[in-house]
Amino acid sequence: MTARRNRSLVAPEGNTVGDADLRAVRTALTAQAQELRHELVDIDSALSSLREDCELDAADVGVKTISLEQLRLQQDRAGAALSRTVAALGRLDDHSFGRCLDCGRQVDRERILAVPHAERCVRCEEAYGRL
Ligand SMILES: [Zn+2]
């Protein structure tokens with residue numbers, strides 16, 4: 001799932017993450033986690049019904065392999081997104097939320113509101129992406 005930019009989260013006041021921001025972020029992350037859990041359940045049942053459906057001819061087997069692969073990719077992505085989301089909720093609980101995991105600096109408010117599960121500031125994220 002791609003991170004949606006929720007412009008309604010962005011309040012006009014400065015670059016400080018306030019309590020209202022944190023509440024909005026918590027709501028967004030909780031909804032995102034819920035959505036991802038549903039997605040994973042759906043993927044899981046699609047995978048099992050694909051596996052159970054054995055009466056296929058050769059052409060169907062090719063199609064089946066492709067959709068199995070797509071579903072597994074989808075499952076990996078949703079699973080990874082869910083762990084990032086749950087980790088961000090954990091950081092909200094232990095009050096480390098909003099700090100870059102690498103350099104420890106405050107992540108830009110705009111970035112936090114646009115990508116609440118972000119783990120790094122833009123600079124560290126770029127460096128991390130190049131590894
Ligand atoms: Zn950083």
Side-chain angles (χ1 to χ4, degrees):
M1 201 185 78
T2 52
R4 263 166 293 158
R5 285 180 169 267
N6 191 345
R7 301 315 290 179
S8 68
L9 286 178
V10 181
E13 86 252 354
N15 196 29
T16 328
V17 180
D19 287 348
D21 294 329
L22 291 178
R23 278 195 297 274
V25 162
R26 183 184 288 280
T27 306
L29 285 170
T30 306
Q32 191 169 303
Q34 185 82 347
E35 204 177 294
L36 287 165
R37 287 196 184 97
H38 284 159
E39 191 182 334
L40 282 166
V41 169
D42 288 348
I43 294 169
D44 209 49
S45 57
L47 277 171
S48 353
S49 65
L50 259 182
R51 286 197 199 95
E52 281 161 18
D53 187 12
C54 304
E55 290 175 33
L56 299 163
D57 61 31
D60 285 339
V61 170
V63 171
K64 185 181 169 180
T65 308
I66 291 166
S67 30
L68 264 177
E69 270 167 28
Q70 281 171 342
L71 281 168
R72 286 202 188 104
L73 271 175
Q74 227 179 312
Q75 193 177 35
D76 286 351
R77 270 198 301 263
L82 181 59
S83 6
R84 279 195 302 271
T85 306
V86 169
L89 282 165
R91 293 197 298 277
L92 273 175
D93 289 336
D94 69 15
H95 305 289
S96 64
F97 184 83
R99 298 228 163 260
C100 172
L101 291 189
D102 284 355
C103 70
R105 273 192 288 261
Q106 186 69 42
V107 179
D108 283 348
R109 178 170 178 272
E110 203 173 320
R111 174 164 168 77
I112 284 177
L113 297 181
V115 192
H117 59 263
E119 295 174 333
R120 292 172 184 82
C121 68
V122 174
R123 259 178 51 192
C124 293
E125 189 66 56
E126 278 171 9
Y128 184 77
R130 282 195 296 267
L131 290 179

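Quick note: numbers below take in every heavy atom, side chains included, and nothing from hydrogens, waters or symmetry partners. In each ligand, atom 1 is the first atom listed, and ligand 1 is the first ligand listed.
- Looking only at protein N/O/S atoms, the ones less than 2.8 Å from the Zn ion (ligand 1) make 4 in total.
- Distance alone, capped at 3.5 Å, places no donor-acceptor pair between the Asp93 side chain and the Gly90 backbone.
- Between Cys100 and Cys103, the shortest heavy-atom contact is SG-N, 3.4 Å.
- Using a 4.5 Å cut-off on side-chain heavy atoms (C-beta onward), Glu39 and Ile43 make contact.
- Heavy atoms of other residues, nucleotides or ligands lying less than 6.0 angstrom from CG of Asp94 number more than 12.
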The test is side chain to side chain contact (heavy atoms under 4.5 Å, CB included); show your working for Leu89 and Leu92 and say whether it passes. CA-CA 5 Å; Leu89 282 165; Leu92 273 175; 4.1 Å; yes

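- Put simply, CG on Asp102 and CD on Glu125 are 8.5 Å apart, with the number rounded to the nearest 0.5 Å.
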